[in-house]
Asker: 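Below are the structure tokens for one structure; questions will follow.
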Amino acid sequence: MRVYPEKLGAELGRRLLPVYLVSGDETLLVQECADQIRGAARREGCTERVVLDAGERSFRWQDLLDDASSLSLFGDRRLLELRLPSGKPGSDGSQALLSYLEQPSEDVLLIIAGKIDRASTNSKWYKAIDGAGATLQIWPVSADQLPRWLGQRAASRGMRIERDALQLLAERVEGNLLAAVQELEKLELLSEGAPIDSAAVGASVANSARFSLFSMIDVALAGRDSDSLRMLHGLRAEGGQPAALVWALVRELELLRALCVAVESGRSPSQAMGEARVWKNRQSVISAALGRHDSSSCNNLLALAARLDASIKGFGPGKPWEIMELLLLGMSRGDTRTLPV
């Protein structure tokens, strides 16, 4: 069945379905939905989480079926998390997904996918998931929709914010939803329940931390490795948390990979960025990154980001800040062959 993101919480409160497909290219919203499903799975006794990434070179669709047929180390229910960056499983993947759904299981399958096109929504594998569980399609928030989206987000937090202030905030975050959410959280603390006007928004944005997360990412994309590391160390010194940084890094890496795929298929960088609706004031740094990266290097960086995520959550090796340094160096330099992924 189709579930709208805003109604997911209520649906999870009623029951936990055997399979969920969350798709879209708006990373923040996809991850928020995925986190809700992960939380519901934990509450229902899924104490073990198995992650499979179909974007990795070593991935085999048989791995999904093997994991489904194996027993949990602790005899408990598991959350099987399948990442499908392309949004298309191919013929082998389609058959594997159909075979999986034909086998009754106590486990829960969460599929996190890139944007799924209209043709794929009519495929057998998609319809099988829709029939056995839930499909959630996450659509991008356009520039015109962003002020309203911000207003709804603010209202859900009990904030009172003027229309002009919402418009100003939308302009300042330039379509970056993670930045928008962080600014709302900061405004909520600063306002202490008072109405928020455009002056308060302007002051809040102007008083952002000296080392900005998004500036750091742009510096890395531009190829300035030492500057990006200096900014990362500044964020750490100012009390930044790795968990608050990883989603922004993943979002940019997934965008970069999609652009690399488009360029490799014959589009020019400007065409690819136009189709992906990259903001004009960011096109120069994205173009610089496209000159150093291809889809293979982006896959390596995303694999390292998955390792970072596992380290942050306590079920993977390594120190988060050290892995994040490696990520920034890989983004800056373009050579990812020696990354420990």
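The structure presented is a predicted model; accordingly, all values stated were derived computationally and were not measured.
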Asker: So does R148 have more than 12 non-hydrogen atoms from other groups sitting under 6.0 Å from CZ?
Answerer: no
Asker: As a quick check of understanding, evaluate side-chain contact (heavy atoms from CB on, under 4.5 Å) for R236 and W321, giving each step before the final call.
Answerer: CA-CA 8 Å; R236 183 178 184 180; W321 287 107; 3.4 Å; yes
Asker: Between the main-chain N or O of S268 and the side-chain N or O of Q271, is there a donor-acceptor pair closer than 3.5 Å?
Answerer: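 Between the backbone of S268 and the side chain of Q271 there is a qualifying donor-acceptor contact (under 3.5 Å).
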Asker: I'd like to know if D309 and R83 make a salt bridge, using a cut-off of under 4.0 Å between side-chain N and carboxylate O.
Answerer: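 So D309 pairs with R83 through a salt bridge.
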Asker: Any donor-acceptor pair under 3.5 Å linking the side-chain atoms of S198 with those of E162?
Answerer: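 Result is no, nothing qualifies.
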Asker: Look only at the side chain of S123 and the backbone of S120, and say whether a donor-acceptor pair between them is shorter than 3.5 Å.
Answerer: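 Flag set: sc S123 to bb S120 pair under 3.5 Å.
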Asker: In terms of side-chain geometry, is the basic nitrogen of R60 or D92 positioned less than 4.0 Å from the acidic oxygen of its partner?
Answerer: no
Asker: V51, L308: one ILVMFWY side-chain cluster at the under-4.5 Å cut-off?
Answerer: no
Asker: Who else is in the cluster with Y126 when I, L, V, M, F, W and Y are joined by side-chain contacts under 4.5 Å?
Answerer: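 Members alongside Y126: V19, L21, V50, L52, F59, W61, L64, L65, L80, L82, L84, L97, Y100, L101, L109, I111, I116, W125, I129.
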Asker: Using a 3.5 Å distance criterion without hydrogens, assess whether the side chain of H293 forms a donor-acceptor pair with backbone atoms of M331.
Answerer: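 Yes; judged by distance alone, with no hydrogens or angles, the pair exists.
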Asker: Looking at S311 and G318, would you say the former's side chain and the latter's main chain have a donor-acceptor pair under 3.5 Å?
Answerer: yes
Asker: Would you mind reporting whether R49 and K313 have side-chain heavy atoms less than 4.5 Å apart?
Answerer: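 Counting from C-beta outward, K313 and R49 do come under 4.5 Å.
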Asker: Are V181 and V30 connected, step by step, through hydrophobic side chains (Ile, Leu, Val, Met, Phe, Trp, Tyr) whose heavy atoms are closer than 4.5 Å?
Answerer: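 Looking at the clustering, V30 is in the same group as V181.
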Asker: Applying side-chain contact (heavy atoms from CB on, under 4.5 Å) between L79 and each of R38, E48, R42, report the one that passes.
Answerer: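 Answer after filtering R38, E48, R42: R38.
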Asker: Are any side-chain N or O atoms of R307 and backbone N or O atoms of A303, one a donor and one an acceptor, separated by less than 3.5 Å?
Answerer: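 No; judged by distance alone, with no hydrogens or angles, the pair does not exist.
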Asker: Among L255, I286, L253, whose side-chain contact (heavy atoms from CB on, under 4.5 Å) with L221 holds?
Answerer: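 Of the listed residues L255, I286, L253, the side-chain contact (heavy atoms from CB on, under 4.5 Å) partner of L221 is I286.
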Asker: Using side-chain hydrogen bond (donor to acceptor under 3.5 Å, both in side chains), reason through N300 and S297 one step at a time and then give a plain yes or no.
Answerer: CA-CA 5 Å; N300 289 339; S297 67; over 6 Å; no
Asker: With respect to C33, which candidate in V3, L28, L136 satisfies the side-chain contact (heavy atoms from CB on, under 4.5 Å) definition?
Answerer: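 Testing C33 for a side-chain contact (heavy atoms from CB on, under 4.5 Å) against V3, L28, L136 leaves exactly one candidate, L136.
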Asker: Are the charged groups of E106 and R78 less than 4.0 angstrom apart, N to O?
Answerer: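 R78 and E106: not salt-bridged.
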Asker: Salt-bridge test for R333 and D225: reply yes if a basic N is under 4.0 Å from a carboxylate O, no otherwise.
Answerer: yes
Asker: State whether a side-chain donor-acceptor pair under 3.5 Å links S265 with R267.
Answerer: yes
